[in-house]
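Working notes for the structure below.
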Amino acid sequence: MSDRLPGFSTLAVHAGAQPDPTTGARATPIYQTTSFVFNDADHAASLFGLQAFGNIYTRIGNPTNAVLEERVAALEGGTAALAVASGHAAQVVVLQQLLQPGDEFIAARKLYGGSINQFTHAFKSFGWNVVWADPDDITSFERAVTPRTKAIFIESIANPGGSITDIEAISTVARKAGVPLIVDNTLASPYLIRPIDHGADIVVHSLTKFLGGHGNSLGGIIVDAGTFDWSTGGKYPMLSEPRPEYHGIRLQETFGNFAFAIACRVLGLRDLGPALSPFNAFMILTGIETLPLRMQKHCDNAKAIAEFLSGHPAVASVSYAGLPGDKYSQLARKYAPRGAGAVFTFSLKGGYDAGVSLVSKLQLFSHLANVGDTRSLVIHPASTTHSQLDDAAKIRSGAGPDVVRLSIGIEDKEDLIADLEQALSA
Ligand SMILES: *Cc1c(COP(=O)(O)O)cnc(C)c1O
């Protein structure tokens, strides 16, 4: 073996995996089992007491899922990861380790519509209070910090308009406030942006999107950067204080720079229960093997389509950070030099009615609520994903009535352009 560090594409295929020691199977097997036999009573006791690592029960961990965890941790440059059932489950598990009832977290206003709902309603019922800030105005994050702030949450490439967030500037605010920065890296994937390189402490993903990549399996993942000191100021008792569930051990003291991933597993996943099925882990692992190839094609197609749309007479504006004149093009060159992602919005001169009509006339694009599929997708956010927001909030989050969102797939770009052309001229 040479002492060269493997590159991104090599990690995407190999990280975390090896031929199965029992059978020689080269693809990662699907360990479709709920439970694992203990060697003896002492072994069982040490697994339960966190004195030894090993498999107990698939709600807490599974060997197929472990390969996925190691692979995504390697691609993101983290110390450890925890796979869960969905992107939303990842968000709940992360914040449960950080917030007590009555605490606050600051979130960028430009987010996936489902996250806006989750933060506003479900998390409020847990006593976790979201405070919104504007990702285009870094001082709004500074102003939102209070003694009860426990975390800052942003998207690297933000829904729905594909805007690029200045991760380094917001990480400086987080560091000053003494709270971790959580970055939802779903729309970028680590192929385009690695938030930990820019100061993120925790990365979350909906694996359902570009990482799985084929629109066939839900999943989520939490990556621990290993950068945050959880012991300062007693702000994070789940990590710094003795845990009665585990004979009084302190997670940070015992597990060091992967204590957060351990807390998410042994306190979050164990007790809340959103485990990822090993079958879905297998599907997502297979998807990740082609992530670099797919992501480049997604981005190249998206750029061609954004250029086509910006020259079309029925189109009022295109919001794609990969276009030279775009408001976010400078941030895109800094954070995502390989491409500005494949999810973006444009607005039609004909407003709401034109948006609804366009969606119904497209044939190759599928009208549905997802992104990051091999297939090209379209949705009209104002009448669907963002319909629960009032008009002002829709516009603030980039989902005004005239806006159409595209997620560009890996088909031939000429066919996608032809489909848009016929639907726009109809
Ligand atoms: C889809 C999505 C989520 C939620 O993920 P699920 O797997 O659907 O639970 C969170 N954030 C972003 C940016 C998403 O696109």
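When a ligand or atom number is given, it counts from 1 through the structure's own listing order. Just so we're clear, the structure is a prediction, and the values are computed from it rather than from any experiment.
Thr186 places no side-chain N or O within donor-acceptor distance of the main-chain N or O of His205, the cut-off being under 3.5 Å. The backbone N or O of His380 lies less than 3.5 Å from no partner atom in the side chain of His386, so there is not a single donor-acceptor pair. Proximity of a side-chain donor or acceptor of Tyr246 to a complementary backbone N or O of Val266 within less than 3.5 Å is detected.
Those atoms of ligand 1 that come under 4.0 Å of a heavy atom in Gly219, given as number and element, are 7 (O). Atom numbering of ligand 1 starts at 1 in the shown order; those under 4.0 Å from a heavy atom of Glu155 are 13 (C). If you number the atoms of ligand 1 from 1 as listed, the ones under 4.0 Å from a heavy atom of Ser86 come out as 7 (O), 9 (O).
For the pair Asp136 and Lys110, the salt-bridge criterion is met [side-chain N within less than 4.0 Å of a carboxylate O].
Residue-environment remark: NZ (Lys394) exceeds the threshold of 12 foreign heavy atoms within 6.0 Å.
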Worksheet item: Can you list the steps and then say if Gln296 with Asp300 is a side chain to side chain donor-acceptor pair (under 3.5 Å)?
Response: CA-CA 6 Å; Gln296 196 59 58; Asp300 295 348; 3.1 Å; yes
Discussion item. Go through it in stages, so that I can follow the logic: the residues are Arg148 and Asp103, the test is salt bridge (Lys or Arg N to Asp or Glu O under 4.0 Å), and I'd like the CA-CA distance, side-chain angles, deciding distance and then a yes or no.
Written reply: CA-CA 5 Å; Arg148 300 225 66 158; Asp103 283 345; 2.9 Å; yes
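The shortest separation from a heavy atom of Ala90 to ligand 1 is not under 4.0 Å, leaving the residue out of contact. Within the structure, the closest approach of Gln91 to ligand 1 falls below 4.0 Å when heavy atoms are considered.
Some N or O of Gly87 is nearer than 3.5 Å to an N or O of ligand 1, by distance alone.
Atom 1 (C) of ligand 1 has its closest protein heavy atom at Lys209 NZ, 1.4 Å. Of the protein's non-hydrogen atoms, His88 N, 2.9 Å is the one closest to atom 9 (O) of ligand 1. The protein heavy atom nearest to atom 11 (N) of ligand 1 is Asp184 OD2, 2.7 Å.
Of the heavy atoms in Asn159, only side-chain atoms (C-beta onward) come closer than 4.0 Å to ligand 1.
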